[in-house]
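Data block below; observations after.
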Amino acid sequence: MTKTVLVSGASGFIGSHVAAKLAEDGYRVRAMTRHPDKYDGAGEPVAADVSDPASLREAFAGVDVAYYLIHSLDSDDFEERDADAARNFAEAAAGAGVERIVYLGGLGADDGELSAHLRSRREVEKILKAGPVPVTVLRAAVVIGHGGISWEMTRQLAERLPAMVTPRWVNTRTQPIALPDAVRYLVGVLEPVEARGRTYEIGGPEVLRYIDMLQRVARIQGSSLPNVTVPLLTPRLSSAWLKFVTDVDAATARNLVDSMTTEVVVRDDAITRVVPGERIGYDDAVRLALAEREQVKR
């Protein structure tokens with residue numbers, strides 16, 4: 001029988017694409033949103049809020065699999081909010097007898113050096129896994145696609161600056177992933193039995209420094225981006241600077257920059273055996289994101 005799949009954050013950057021792919025693949029999609037009257041994406045909209053357990057009970061009725069694709073990065077108290085939200089979601093999933101939760105978290109080694117943002121992603125993992133419902137976790141770094149906050153920050157910096165005075169964190173290594181690949185992995189782990197209760201690291205085929213990512217975006221757009229690194233430009237100062245140069249709000253910029261001091265690369269490629277397929281390179285991922293942006297603008 002066709003599975004009913006609940007997608008939380010269905011109107012968001014990742015959730016909207018996951019909902020569309022699930023619907024395309026023939027699943028019965030229940031799109032969880034706080035504003036169902038405004039929802040125009042794939043699936044059947046259902047009103048629910050992770051801060052309201054009663055609304056979740058109704059949204060989960062008859063659900064087979066649930067995707068947890070939300071966060072509170074734009075709040076100063078996001079760690080507490082995300083923990084409470086995950087707890088409510090896990091309890092609702094357990095009460096409804098859901099067979100699996102799929103969660104998108106963040107890359108980074110569990111070595112005690114994680115930023116507040118990445119620590120929060122790990123805490124959400126623990127809370128979801130503490131319940132009786134098996135959880136499949138995918139951990140990713142920057143997802144390259146139109147509408148993604150980290151990508152928008154990269155695109156705007158590369159587009160608007162003739163040169164950059166940067167902090168040391170621009171030399172941190174990361175492993176970005178193209179949006180279509182992230183969606184392919186998220187949907188691809190829904191059925192395989194071996195993915196139940198597993199944690200996978202996902203990334204594109206290249207490991208890059210943040211400065212490499214910025215300069216390659218500039219080159220693709222037909223410009224260059226000279227760089228001078230200033231060691232005393234702290235993450236706090238960097239986030240204040242980003243607020244003036246980009247459209248990213250102050251709280252989100254601060255939380256993202258704090259994470260940019262942590263190396264986030266794939267150390268276990270087990271996902272490529274569960275969900276095989278050629279991965280999209282960084283430059284092609286950038287071109288796809290830019291093309292979608294132009295299409296949306298028309």
Side-chain angles (χ1 to χ4, degrees), residues 9 12-15 17-18 21 67-69 71 73 102-111 113-115 117-122 124-125 135-155 158 169-190 192 194-195 197-217 220 255-290 292:
F13 167 51
I14 299 291
H17 290 87
V18 168
K21 178 59 177 169
Y67 279 79
Y68 192 78
L69 304 172
H71 61 71
L73 200 58
V102 180
Y103 168 61
L104 180 63
L107 273 175
D110 293 311
D111 56 6
E113 299 297 324
L114 293 177
S115 67
H117 170 218
L118 293 176
R119 283 200 311 271
S120 176
R121 299 291 82 200
R122 289 293 192 279
V124 168
E125 281 186 30
V135 182
T136 300
V137 176
L138 273 63
R139 294 176 177 173
V142 178
V143 178
I144 307 299
H146 175 64
I149 296 173
S150 297
W151 158 247
E152 269 303 300
M153 191 169 69
T154 303
R155 181 192 65 77
W169 55 255
V170 297
N171 291 308
T172 303
R173 298 196 314 155
T174 185
Q175 194 161 349
I177 184 170
L179 174 60
D181 282 337
V183 172
R184 180 169 62 87
Y185 287 137
L186 282 162
V187 174
V189 297
L190 190 155
E194 64 268 34
R198 290 287 306 277
T199 296
Y200 297 103
E201 298 178 339
I202 64 173
E206 299 169 84
V207 175
L208 303 168
R209 299 175 304 160
Y210 285 107
I211 188 60
D212 299 326
M213 293 169 60
L214 286 161
Q215 291 178 330
R216 284 168 69 167
V217 172
I220 288 169
N255 293 327
L256 284 175
V257 167
D258 284 345
S259 296
M260 289 177 175
T261 60
T262 303
E263 181 172 283
V264 282
V265 299
V266 172
R267 302 189 184 280
D268 181 350
D269 66 353
I271 189 65
T272 62
R273 292 180 285 281
V274 179
V275 187
E278 186 174 352
R279 295 172 296 171
I280 299 169
Y282 180 73
D283 287 3
D284 285 339
V286 168
R287 293 187 184 97
L288 286 171
L290 293 173
E292 184 177 352

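If you're wondering where the values come from, they're calculated on a predicted model, not measured in any experiment.
Looking at Q175 and E201, their side chains never come closer than 4.5 Å, going by heavy atoms from C-beta outward. For the pair Y282 and I144, the minimum side-chain heavy-atom distance is below 4.5 Å. For the pair Y185/T272, a side-chain contact is recorded, criterion being any heavy-atom separation below 4.5 Å from C-beta on. Looking only at side-chain heavy atoms (C-beta outward), T154 and Y210 stay at 4.5 Å or farther from each other. Under the 4.5 Å side-chain criterion, counting only non-hydrogen atoms from C-beta, V102 is in contact with L186. For the pair V135/T199, no side-chain contact is recorded, criterion being any heavy-atom separation below 4.5 Å from C-beta on. For the pair V286/W151, a side-chain contact is recorded, criterion being any heavy-atom separation below 4.5 Å from C-beta on. Using a 4.5 Å heavy-atom cutoff, the side chains of L104 and I202 are in contact.
With V265 as the fixed residue, the side chain to side chain contact (heavy atoms under 4.5 Å, CB included) test singles out one of L107, T172, V207: V207.
Here the shortest heavy-atom pairing between A285 and A178 reads CB-CB, 3.5 Å. Scanning all heavy atoms of the two residues, the minimum distance from I177 to A140 falls at CG2-CB, 4.4 Å. Between T136 and A195, the shortest heavy-atom distance links the atoms OG1-O, 2.6 Å.
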*asked:* T174 vs M213, test: side-chain contact (heavy atoms from CB on, under 4.5 Å). Steps then yes/no.
replied: CA-CA 9 Å; T174 185; M213 293 169 60; 3.4 Å; yes
_side-chain contact (heavy atoms from CB on, under 4.5 Å) assessment of V143 paired with F13_ = CA-CA 10 Å; V143 178; F13 167 51; 3.9 Å; yes
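With hydrogens and angles disregarded, no donor-acceptor distance shorter than 3.5 Å links the side chain of R267 to the backbone of G108. Not one N or O on the side chain of R155 forms a donor-acceptor pair closer than 3.5 Å with the backbone of V217. Between the side chain of R139 and the main chain of V266, no donor-acceptor pair closer than 3.5 Å is present. Remark: the backbone N or O of V142 is not paired with any side-chain donor or acceptor of S150 at under 3.5 angstrom. The main-chain N or O of I280 is found under 3.5 Å from a side-chain atom of D181 such that the two form a donor-acceptor pair.
Between R119 atom CZ and T262 atom OG1 the span is 9.5 Å, to the nearest 0.5 Å. Distance check, rounded to the nearest 0.5 Å: CD1 of I14 to NE2 of H71 gives 9.0 Å. Residue R173 holds its CZ atom at 11.0 Å from CG of D212, rounded to the nearest 0.5 Å. Residue D283 holds its CG atom at 11.0 Å from CG of L288, rounded to the nearest 0.5 Å.
Taking 4.0 Å as the cut-off between side-chain N and carboxylate O, R273 and E194 do not count as a salt-bridged pair.
Residues R121 and Y103 bring a donor and an acceptor atom of their side chains to less than 3.5 Å of each other.
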